[in-house]
Amino acid sequence: MPAVVIVGAQWGDEGKGKVVDIFTEQAEVVVRFGGGPNAGHTLVVGADKVIVRLIPSGILHPRTRCVLGQGMVIDPASLFQEIDELVRRGYLPADLDSGRLAVSDRAHAILPYHVVVDSLREQGPGALGTTKRGVGPCYEDKAGRRGVTLGTLRDLGKTRDRVGAALDAWGPSVAAMGAKLPSLADVMETLAPLAERLVPLLTDTAAIVEGAVRARKKVLLEGAQGTLLDVDHGTYPFVTSSTSTAGGACAGAGIGPTRIDKVFGLVKAYSTRVGGGPFPTELHDLVGERLRQKGSEFGSVTGRPRRTGWLDLPALAYATRVNGLDALALTKLDVLTGLSEIKVCVAYRSADGHDSPFPLDEGKGLTPVYETLPGWTEPLDGVRSLGDLPKAARDYVRFVEERADCPVELVSVGAGRDQTILLTDPFAV
Ligand code: GDP
Ligand code: IMO
Ligand code: MG
C-alpha cells in the first residue's frame, strides 16, 4: 500500500485541495508536509465550499487521520479559527483529539511578530506580494535557530524565553522600518490559551507517518504552493520560504525517500500566479481576463486577482524533472471551453535561434514560442470519461502528456468531486 505525494507543478492553486480530497476516499492518513496559512486549498462538496489553510485537505473524510507535519509553520490562532469553523459547520467533532488531527511538535509556531514583519516588508520597496501570514519570517527564525517549535508550548516558561529572544532579534530591523513589535506580555497573553488547546493535539507525527507506511496503509502526502514557488527550485527570490517540491515531502513529513511510491504533479490547463515575479506566458488582454473570470482566479487566502496566462510546457518539463513526477493531474480543463484557439508555450528561444530551458529569472533575451491548438465550444463540466470529451479537448490532454513526457492520470472538469475523469487508481503502483 503506497505513499503518494501530491505537488503543484506551477505557481500554486492548481487544485491540490480538490484532488487530495478525492484521493482521500481511499487514504488512511493525509499529511501536509510544508508551508503554512499561505496555502488555501478549496474543497467543494455539493453546494458547500470549504477552504483549508493549515489543515490537510483530507479532513472531510471522517475515517482518515489528518497530520500537520514538521515541515509546516503553524499559526495557532489560524489553526483554531479553522478548526472552530469546521466544527461549527459540522465537519469536525467538538471533542477533537490527535487521533483525528495530529500536529507535529516539531513544526514551528508563527507568532504575531512574524506577521508584523511580513506585513511591514510588503509595504516597502522589496515587496514580493506575499500572503502576509508571517510564513517567511517564521522560516527565517527556524533556520536562524531562534524559532519556537510547537513542542516548546508545553512549557510556557521556556516559551517566554524563546519568544523574548526572538523579539530581541527582530526589534532593531522593525524599529528601522519605523514600527513597533508587540510586547512579550501581549504575545504571551494571546498565546497561553491557544497553547492549552494545542498541546493535546501535539505528537511525534513522523512516527505516525512511518508507522502507517510500515503497516501498509495508504498514505497521502499533500504539498502546498507549487514547484515554481519552491525556495530552492522556484523563481527565486519570488518564492515562498519552504520546499514545496516532492523532495520536501520526506523532510516535512519525517519519512525517508525509500518510503515514497509515487509522485503526482498537478497542473492547470493554463497558468496562474499570485504576487510578484516572472511569468513569461502571462496574458494582459481579454483572454487573460476571461480565464480569470471563468476560472474564478481570485486568491483563496487573500482574494487578490490571480495573474493568468497560457500553459507553459518548458516550465512543466522542469517541474517533471525536479519532482521526479510519475503522473500528472490536469485540472480546470473546462475553463478553456469557448476559446476559438488555445496557445501553449512549447519552447524558449534566444535571438540566435537556440532553445533554452524554462528561465527561472526574468529570461532576458528569450522569447516564448507558442503552438496554437484548436479550441472547443462544448461545456465539459458534465463529462466523466476521456472518450466523451470533444476531440479538440482530448487532443489537448494528449498534447500535454506527450510534450511533458508524463502520463495524465486525472482530468478535472469542474470544482466538484464528481467532476473528475480518473484514469487510474492513484494508489495502484
Ligand atoms: P490549491 O491551492 O491547489 O488547492 O487550489 P485552490 O483551491 O487555491 O484553487 C483552485 C480553484 O479552482 C478552487 O476554487 C477550486 O474549487 C477550483 N477548481 C479545482 N479544480 C477545478 C476544475 O477542474 N475546474 C474548475 N472550473 N474549477 C476547479
Ligand atoms: P497554495 O497551497 C499561490 C505565493 C505568494 C507570494 C509568494 C510568497 O494554495 O497553492 P508567502 O506568503 O508564502 O511568503 O508568499 O508565494 N504563495 C502562493 N501562491 N498559492 C499558494 O498556496 C501560495 N502560497 C504562497 O502569493 O507570491
Ligand atoms: Mg490555493
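Positions are given from 1 along the sequence. Each ligand, and each atom within it, is numbered from 1 in the order the structure gives.
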So, [X] side chain and [Y] main chain: donor-acceptor pair closer than 3.5 Å or not?
{"X": "Thr205", "Y": "Gly69", "result": "no"}
{"X": "Gln293", "Y": "Glu289", "result": "no"}
{"X": "Lys16", "Y": "Gly223", "result": "no"}
{"X": "Thr281", "Y": "Trp310", "result": "yes"}
{"X": "Glu409", "Y": "Pro426", "result": "no"}
{"X": "Tyr396", "Y": "Leu336", "result": "no"}
{"X": "Arg384", "Y": "Asp418", "result": "yes"}
{"X": "Arg321", "Y": "Leu325", "result": "no"}
{"X": "Asp312", "Y": "Cys345", "result": "no"}
{"X": "His61", "Y": "Asp21", "result": "yes"}

Legend entry - From Tyr270, Phe238, Trp11, residue fulfilling ring pair (Phe, Tyr, Trp, His ring centres under 6.0 Å) relative to Phe279: Trp11
Inset, instruction - Using 2.8 Å as the cut-off, note every protein N, O or S atom close to the Mg ion (ligand 3). - result: Asp13 OD1, Gly40 O
Legend entry - Option among Arg306, Arg307, Arg273 that satisfies the salt bridge (charged side-chain N to carboxylate O under 4.0 Å, His left out) test with Glu297: Arg306
Inset, instruction - Please determine which of Arg121, Arg145, Arg146 meets the salt bridge (charged side-chain N to carboxylate O under 4.0 Å, His left out) test together with Glu140. - result: Arg121
Just need the protein heavy atom nearest to [atom], so name the residue and atom and give the distance.
{"atom": "atom 15 (O) of ligand 2", "value": "Thr130 CA, 3.3 Å"}
{"atom": "atom 7 (C) of ligand 2", "value": "Val239 O, 3.9 Å"}
{"atom": "atom 13 (O) of ligand 2", "value": "Thr240 OG1, 2.6 Å"}
{"atom": "atom 6 (C) of ligand 2", "value": "Gly129 O, 3.1 Å"}
{"atom": "atom 25 (C) of ligand 2", "value": "Gln225 CG, 3.7 Å"}
{"atom": "atom 27 (O) of ligand 2", "value": "Val274 O, 3.0 Å"}
{"atom": "atom 20 (N) of ligand 2", "value": "Asp13 OD1, 3.1 Å"}
{"atom": "atom 17 (N) of ligand 2", "value": "Leu229 CD1, 3.7 Å"}
{"atom": "atom 6 (P) of ligand 1", "value": "Gly40 O, 3.5 Å"}

Would you mind finding which of [options] brings a heavy atom closest to [atom]?
{"atom": "atom 27 (N) of ligand 1", "options": "Glu14, Lys49, Lys332", "result": "Lys332"}
{"atom": "atom 18 (N) of ligand 1", "options": "Gly416, Ala415, Ser296", "result": "Ala415"}
{"atom": "atom 15 (C) of ligand 1", "options": "Leu333, Thr331, Asn38, Thr42", "result": "Thr42"}
{"atom": "atom 10 (C) of ligand 1", "options": "Asp13, Val19, Val50", "result": "Asp13"}

With heavy-atom distances below 4.0 Å as the criterion, list the atoms of ligand 2 near [X].
{"X": "Ala224", "result": "2 (O)"}
{"X": "Gly12", "result": "10 (O), 20 (N)"}
{"X": "Ala39", "result": "1 (P), 2 (O), 9 (O), 22 (O)"}
{"X": "Lys16", "result": "1 (P), 2 (O), 10 (O)"}
{"X": "Gly275", "result": "27 (O)"}
{"X": "His41", "result": "1 (P), 2 (O), 9 (O)"}

Please identify which atoms of ligand 1 are closer than 4.0 Å to at least one heavy atom of [X].
{"X": "Arg306", "answer": "8 (O), 9 (O)"}
{"X": "Ser300", "answer": "8 (O)"}
{"X": "Lys18", "answer": "20 (N)"}
{"X": "His41", "answer": "1 (P), 2 (O), 4 (O), 7 (O)"}
{"X": "Gly15", "answer": "1 (P), 3 (O), 4 (O), 5 (O)"}
{"X": "Ser412", "answer": "20 (N), 21 (C), 22 (C), 23 (O)"}
{"X": "Val335", "answer": "26 (N)"}

Say whether [X], considering both its backbone and side-chain N or O atoms, lies within less than 3.5 Å of an N or O atom on ligand 1.
{"X": "Gly17", "answer": "yes"}
{"X": "Lys16", "answer": "yes"}
{"X": "Lys294", "answer": "no"}
{"X": "Asp334", "answer": "yes"}
{"X": "Gly414", "answer": "yes"}

Inset, instruction - Take the angle between the ring planes of Tyr318 and Phe358 and call it parallel below 30°, perpendicular above 60°, tilted in between. - result: tilted
Check contact between [X] and ligand 2, using heavy atoms of the residue and a distance below 4.0 angstrom.
{"X": "Arg133", "answer": "no"}
{"X": "Gly40", "answer": "yes"}
{"X": "Arg273", "answer": "no"}

Legend entry - Min N/O separation Arg304 to ligand 2 under 3.5 Å: yes
Inset, instruction - With sequence neighbours left out, write down each residue that passes salt bridge (Lys or Arg N to Asp or Glu O under 4.0 Å) with Glu362, or none if nothing qualifies. - result: none
Shortest non-hydrogen separation from [X] to [Y] and the atoms involved:
{"X": "Leu316", "Y": "Ala9", "value": "CD1-CB, 3.9 Å"}
{"X": "Pro278", "Y": "Thr235", "value": "CG-CB, 4.0 Å"}
{"X": "Leu328", "Y": "Val400", "value": "CD1-CG1, 4.4 Å"}
{"X": "Leu181", "Y": "Leu167", "value": "CD1-O, 3.6 Å"}

Legend entry - Location of contacts on Thr131 toward ligand 2, heavy atoms closer than 4.0 Å: both
Legend entry - ligand 2-proximal atoms of Trp11, by part, heavy-atom distance under 4.0 Å: backbone
Legend entry - Between Thr243 and Asp230: side-chain donor-acceptor atoms closer than 3.5 Å: no
Legend entry - Point-to-point distance, once rounded to the nearest 0.5 Å, from CG of Leu339 to CG of Leu291: 6.0 Å
